[in-house]
Structures are given as structure tokens and as C-alpha cells.
Engineer: 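The structure under discussion is supplied below as C-alpha cells; questions concerning it will follow.
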2 protein chains.
Amino acid sequence: MQKRGDGRNGEETRATLMFAALELFAAKGYEATSTREIASAAKANIASIAYHFGGKKGLHAACATFVAERLTSAIGTNVFEAELPDDPAVAAELVEQVATSLIGFLIGQPQAKAVSSFIIREINRPGPVFESLYLDVFEPVHRRICALLARATGQDTESETIRIGAFSLAGQIIYFRLGYPIVARRMDWLEPGSPEAGKIAAVVCANIRAFIETNTREDSK
Amino acid sequence: MQKRGDGRNGEETRATLMFAALELFAAKGYEATSTREIASAAKANIASIAYHFGGKKGLHAACATFVAERLTSAIGTNVFEAELPDDPAVAAELVEQVATSLIGFLIGQPQAKAVSSFIIREINRPGPVFESLYLDVFEPVHRRICALLARATGQDTESETIRIGAFSLAGQIIYFRLGYPIVARRMDWLEPGSPEAGKIAAVVCANIRAFIETNTREDSK
DNA sequence: GTCTATAAACAGATAGAC
DNA sequence: GTCTATCTGTTTATAGAC
């Protein structure tokens, strides 16, 4: 018989702790977040963290795994499983599709704020979490965007301009989430949602088309 | 007579504490950084923080003031004091100039990593530090970039496309600093320096020209 | 202006009852 | 699986010697 009044089982407590931890790690950072705070936010006992995750570190690792999965699904798994298209126009369209669905996630889903804050903190924290995020998410995604941009422009897949260009695309997208407190104030927006995501996607997609146009090799037309 | 062996005076201790704190606040976050750590890094006594800054909060505020000044000077004060140019080509050139000098600072100056990490943390921390950074730096800079982009394209200064476009420009620039651990690995770069800054600036400036070209009203030509 | 010593609060982890 | 109680170490701030 459980002591708590509601009918929550072990798996539910585990998930609640994980989401509470993700929010707090994202908002305050790993070291700055106390296990007492997490347990309190999840309405669970402090000792339950040790029971379900082995400790604070284990809870952190569980958050990282969740974030990697969430981000990969937001980008759209179909883009990665499909064959690389031969037609430059189709490749260009796919890049716009990835950008639009990523913006839709970042500026539409309530979880996105925590996911992106968590990630940006880990990028500046060398360690196993960054390592697996890089190998499982960042590098494969960047390589795929490079391949698509290369097809769209006729340039080499690994040319410096293409690789830097893919990062400049990633940068403008992630900024609208990380810098949303600034953007919202300057744009007179409130909470991020579909209308805001649409306006951002329109500008970003125009930038993608402009990048492809100015970087297309003339002799490949 | 001072107890410490070297000839450091009060002002020097104050500055050393401030730089040590900036590095640590940027790397680990405000709450996660202990005053012991700061004092140890600055080779000063723990009690000296209370003496020079009144406490941990005062030290944080001093870091914020320094960061705001450093960022403003990196963008180039001349751009803000000068008159808004009438010629679209001159306005476009000024935007490229701001982008290039900002990239030069972010991907060239050793302090830039700490400055930008400190700032991105404060953007997600509502409070007086964000408030003054927004009013003193972010908003004036964004307004100025909007005004220049508007001149360059012939659009209205406060049109949504211009405002969002200015943010997409800011985003791609700041990303190369915040995401440098990812960029460096994918580009086979080591520490950020002038050659890297030059390559990034070339792509970003091409993006600026492409943005202006695709967003120029035909009837203003 | 710098130092030591210490107070009072807080951290993560764990043992053991239920 | 959840809880209380507690151990051990660390935190910021401060009082007072020099």
C-alpha cells in the first residue's frame, strides 16, 4: 500500500521527476538546482530521486536522453530516412520543410523552451551529455542539411561555405527560441505560438531561398 | 601595510575579482558559482567580496555593467552616433560593417566567450540585469539595424519583415559564439581567431546582401 | 584593505520504518 | 515505492584581529 493519497505509481513518479528536473535544469542550470527543489516541484520525496535515478547525475542523464529524442522527432525523422533527392528544387524544398517544422516546435510547443535551454547549457559544459548530443543529434542533422544545401546549390557537400551556411541557418532558428524574451518585447508578442512561428518561418525560408540563390554555381544551372 | 606579498591595491583586487566572477558566472551560472571559488580564482580572500561589492549580488551587478559596456563598444559606437545615411548602398555597407566588427569581437577576443555566455544566461533570467541590458543594449542596437535595413531595402523601418530579419541576423552571429563547441568540431577548427572570424563574416555578409536583395521593394529602385 | 574564525542555512546521499 | 530522520560537507555572510 502506498502512502500518497493519489493513485500515482512508480513509473508516473519517475516521469514527473524527470519533467520537473528538465524544467529546473533548463531554467537554473544543473549545479544551481537542488534535489529538494526538484522533488518539491514533482510533489515527490527527496529520496525518490535516489531510488528512481540513482542520484542527481542519473536524473540529469535521463533528461539528456529525453531531450535528444524530442529534438530529433521535432526536426522530422522522415527527412533523414528518405533518399537524398537529385532535383535541386526538391532539395531546397526539404531544407525549408526542416526549418519550418523545427521553428514550429521551438515556437509552438510548451516543452521547447526547456529543451532548448537545456541544450544550450550542455553545449557549454564539456562532458558525456554534450558528447552524445553532438554525435546523435547535432552532427547528423548538420551533415544532412549540408547535403541538401549542396544539392540545391550545386556546390560540394563539405565545402566551407555550405557548412558555415548550414550553421548560420541553425543559428537564426535557435535564436528565436533562446532570445524570445528580447524578440517578444520588440515585436509586441506575448507567449510564442503558431502565428509567431509562421511569421518567423516566412522570413527564415526567404533567407534559405536567398542563400541558395546567391550560392548557386552558375555552371550547374 | 598590506598582508599580501604582491603590490596589489584595492582597485586591482576589485577588478581581478570582477573578471574572475564574470568567467565563472558565464561558465557555470550565478547560483552555481560560489564566492569561495571566485575568491580563489582571483587569489583574494572570501571576505574581500563583501568589502568591495557588498556581497555576491553586487559582484553580479558589476559584471553586468562591464558586459554592457564591452558589447556596446564591440558593435562600434560610431555606427550609432553617425547620421542615418540616405543612400541605400551606404546603409547596406554599414550593416555589413556592424556584423563584421561584432563577429570579430565574438570570434576573436578571448573575453567574448564569457561576455556572450553571461548575456545568454541573463536573457533567461528575468530581473533587473536583463532589464537594463535590454534597454541599454539590445533595443537600441536592434532599432538601429532595423533603420539601416529599412534604408537599404526601401521598406518601412518598423515593418515586421525588417524587425524579424534583423533578429535572424543577430541570431546567426551570436550562434557562432554560443555554438562554437559544435562549429569547431564540425569545421575542424581549434580555438576561435581571425581566420575563423573572416570566414564566418564572409558568409554572414553574403546573407545580409541576399536578404536586402530579396526584400527590396521593386518600386523603390 | 586583508585576514581568520565562525555562525546559520543549505546541499546530496542514505539508513531504515512502513 | 514512499516516507522521516540524519550524516557529512559546503554555502553566504559577518565579526573582529591586524
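Order of the sequence lines sets the chain letters (A, B, ...), proteins ahead of strands, with each chain counted from 1. Predicted model, so just to flag it, every value in this text is computed and none were measured.
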Engineer: Go ahead and write out DNA chain D as dot-bracket, 5' to 3': ( ) for pairs within the strand, [ ] for ones crossing earlier pairs, | when the partner sits on another strand, dots for unpaired; Watson-Crick or G-U wobble, both distances under 3.5 Å.
Structural biologist: |||||||.||||||||||
Engineer: Going by the angle between their ring planes, with limits at 30° and 60°, are B:Phe138 and B:Phe130 parallel, tilted or perpendicular?
Structural biologist: tilted
Engineer: Counting only non-hydrogen atoms, which of residues 29-40 of chain B are less than 4.0 Å from DNA chain D?
Structural biologist: B:Thr33, B:Ser34, B:Thr35, B:Arg36
Engineer: Can you sort out the partners of A:Ala41 under side chain to side chain contact (heavy atoms under 4.5 Å, CB included), two or more places apart, ordered by chain and number?
Structural biologist: A:Ala20, A:Leu24
Engineer: Between B:His142 and B:Phe167, what is the ring plane arrangement, given parallel below 30°, perpendicular above 60°, and tilted in between?
Structural biologist: parallel
Engineer: For the pair B:Phe25 and B:His60, name the ring-plane relationship: parallel under 30°, tilted 30 to 60°, perpendicular over 60°.
Structural biologist: perpendicular
Engineer: Excluding sequence neighbours, so at least two apart, what forms side chain to side chain contact (heavy atoms under 4.5 Å, CB included) with A:Ser116?
Structural biologist: A:Leu106, A:Ile174, A:Arg177, A:Leu178
Engineer: Can you list everything that forms a salt bridge (Lys or Arg N to Asp or Glu O under 4.0 Å) with B:Arg14? Sequence neighbours excluded, please.
Structural biologist: none
Engineer: Mind calculating the distance between CD1 (A:Ile46) and P (C:dG16) to the nearest angstrom?
Structural biologist: 18 Å
Engineer: Could you work out which one of C:dT14, D:dT14, D:dA13 sits closest to the side chain of B:Ala50?
Structural biologist: D:dT14
Engineer: Tell me: CG of A:Leu24 to P of C:dA11, nearest whole Å?
Structural biologist: 12 Å
Engineer: Roughly how many Å is it from CG in A:Leu59 to P in C:dA13, rounded to a whole number?
Structural biologist: 10 Å
Engineer: Please determine whether a side-chain nitrogen of the Lys or Arg among A:Lys199 and A:Glu196 lies less than 4.0 Å from a carboxylate oxygen of the Asp or Glu.
Structural biologist: no
Engineer: Could you state the atom-to-atom distance from CD1 of B:Ile49 to P of D:dT12 in whole Å?
Structural biologist: 8 Å
Engineer: Of the nucleotides D:dC3, D:dT12, C:dG12, which one has an atom closest to the side chain of A:Ala47?
Structural biologist: D:dC3
Engineer: Counting just side-chain N and O atoms, does B:Ser48 come under 4.0 Å of either OP1 or OP2 of C:dC3?
Structural biologist: no
Engineer: Looking only at side-chain atoms of A:His52, point me to the closest of D:dT2, C:dT2, D:dA15.
Structural biologist: D:dT2
Engineer: Whole angstrom is fine here: how far is it from NZ in B:Lys56 over to P in D:dT11?
Structural biologist: 10 Å
Engineer: Could you tell me how far apart B:Asn45 (CG) and D:dC18 (P) are, to the nearest whole angstrom?
Structural biologist: 16 Å
Engineer: Grab the NZ-C1' distance between A:Lys28 and C:dC10 for me, whole Å please.
Structural biologist: 12 Å
Engineer: Return the set of residues passing side chain to side chain contact (heavy atoms under 4.5 Å, CB included) with A:Ala92 (not counting sequence neighbours), or none when no residue passes.
Structural biologist: A:Ala152, A:Ile212
Engineer: Any salt bridge between A:Lys56 and A:Glu31, counting N to O under 4.0 Å?
Structural biologist: no
